[in-house]
Amino acid sequence: MIEDPRTKMVRHIIIYAILTTGAIVMMVPLFWTVSTSLKTRDKITIRRLELIPDPVAWENYPYLFEVRPIMQYTRNTMIIVVASLFGAWVPCTLAGYAFARIPFPGRNIFFAILLATMMLPYVVRLIPLFLFFDEIGWTRTFGPLILPRVLGHNAFYIFLYRQFFRGIPEDIYDSARIDGCSEFGVWWRIFMPMSRPVLAAVSIFAFSFAWNDFLNPLIYVGSNKELWTLALGLNALQGFEGEDNSLNLIMVFSMLMIIPMLVVFYFGQKHLISGVTAQGSLKG
């Protein structure tokens, strides 16, 4: 049955109108955050909604850098982010490749155990982990925040890689092995270049979780201000022990944490789409 063109056009208009309305509603909190970050102290006490500040207080941004060690917070946060990305790119991909392509004894049992760890809430593991790191003297250091991430502690990433590698045609794997590639060579030369879609997705997840992580830095380095991350710095500015915790400065700090996430998602999404296109053309 051929759909009437006018009915199709009306349906598309309704769908786009609903999507546009939803997008606008979802963007209101971001607009409010940007607006509040550019307001003066006396303007933020006004109860009426004012999305366009008057006057625009651009000085709020450099002032935050004067009253808070933002660069120190950023450096500490980036150390955790780099460790998280390394673990997501190397150990997790190797483990996913092994579970997908190497028929070692007990492979399915070990994979089932790996999946079972995903069922445990993190708070259940938190106390044993803290006691372990405290016993070896690693509390108040970056050790508990870096070592698990570098070793690829996230079972969800391994699961994603394993499922993706299993979807790669067996002929490609067999051809590489016939040409003399070792298992490491197949992983590095064949599977990794084809894994751009899942690499992009995992990278976005890893960056997001590490950039916004609050609980782990609070537990392990909360009393050591030299190792505070951006999340801990924002929490302190909200009144934990902030000297100047005006709402406009809190929104400035929030924007400093939001902007990198928007940039990473934008470029990650772009690479994700291009990777899916390349993978699709290869299969076809």
Please report the interatomic distance [atom1]([X]) to [atom2]([Y]), rounded to the nearest 0.5 Å.
| X | Y | atom1 | atom2 | answer |
| --- | --- | --- | --- | --- |
| L230 | R68 | CG | CZ | 12.5 Å |
| F110 | F99 | CZ | CZ | 8.0 Å |
| F205 | L160 | CZ | CG | 7.0 Å |
| S195 | F164 | OG | CZ | 5.0 Å |
| I204 | L199 | CD1 | CG | 11.5 Å |
| L234 | T229 | CG | OG1 | 9.5 Å |

Quiz item: Residues sharing I15's hydrophobic cluster, by side-chain heavy-atom contacts under 4.5 Å among ILVMFWY, directly or via others?
Solution: L19
Quiz item: Given N154 and V202, is the side chain to side chain contact (heavy atoms under 4.5 Å, CB included) satisfied, shown in steps?
Solution: CA-CA 10 Å; N154 198 309; V202 168; over 6 Å; no
Do [X] and [Y] have side-chain heavy atoms sitting under 4.5 Å apart?
| X | Y | answer |
| --- | --- | --- |
| F253 | L249 | no |
| H12 | K8 | yes |
| P148 | F133 | yes |
| M255 | L30 | yes |
| Y97 | V186 | yes |
| I14 | V10 | yes |
| N235 | L218 | no |
| W188 | C181 | no |

Considering all heavy atoms, the nearest [X]-[Y] contact:
| X | Y | answer |
| --- | --- | --- |
| N212 | A231 | O-CB, 4.3 Å |
| Q72 | K225 | NE2-O, 3.1 Å |
| G233 | Y73 | CA-CE1, 3.6 Å |
| V150 | P91 | O-CG, 3.1 Å |
| F165 | G96 | CD1-C, 3.7 Å |
| W228 | N224 | CD1-O, 3.4 Å |

Quiz item: Tell me, which pairs form a side-chain hydrogen bond (donor to acceptor under 3.5 Å, both in side chains) where one or both residues lie in residues 118-141, sequence neighbours left out?
Solution: Y122-N216, D134-T139, R140-S223
Practice problem: Any pair with a residue in residues 21-38 that passes side-chain hydrogen bond (donor to acceptor under 3.5 Å, both in side chains), sequence neighbours left out, goes on the list, sorted by first then second residue, please. | Solution: S37-Y61
Practice problem: Just say parallel, tilted or perpendicular for the rings of F111 and F159, cut-offs at 30° and 60°. | Solution: parallel
Kindly check if the number of other-residue, nucleotide or ligand heavy atoms within 6.0 Å of [atom1] ([X]) is above 12?
| X | atom1 | result |
| --- | --- | --- |
| I127 | CD1 | no |
| R107 | CZ | yes |
| F265 | CZ | no |
| R75 | CZ | yes |

Under 4.5 Å between side-chain heavy atoms, counting indirect links through other Ile/Leu/Val/Met/Phe/Trp/Tyr residues: same cluster for [X] and [Y] or not?
| X | Y | result |
| --- | --- | --- |
| V34 | V25 | no |
| V252 | V263 | yes |
| W58 | I52 | no |
| Y266 | I259 | yes |
| L256 | V56 | yes |

Practice problem: May I ask you to decide if N248's main-chain N or O and K39's side chain share a donor-acceptor pair within less than 3.5 Å? | Solution: no
Quiz item: Can you check whether A100's main-chain N or O pairs, donor with acceptor, with Y161's side chain at less than 3.5 Å?
Solution: no
For residues 167-175, please give each side-chain donor-acceptor pair under 3.5 Å, one per line with the distance, not counting sequence neighbours.
unit_1, atom_1, unit_2, atom_2, d
E170, OE1, R101, NH1, 2.5
Y173, OH, E183, OE1, 3.3
Y173, OH, E183, OE2, 2.8
S175, OG, D171, O, 2.7

Exercise. Identify, with sequence neighbours excluded, every residue that meets side chain to side chain donor-acceptor pair (under 3.5 Å) alongside W211.
Key: none
Quiz item: So F142 and I80, side chain to side chain contact (heavy atoms under 4.5 Å, CB included) or not? Walk me through it.
Solution: CA-CA 8 Å; F142 269 141; I80 300 175; 4.2 Å; yes
Self-check item: R149: partners by salt bridge (Lys or Arg N to Asp or Glu O under 4.0 Å), with sequence neighbours left out
Solution: D213
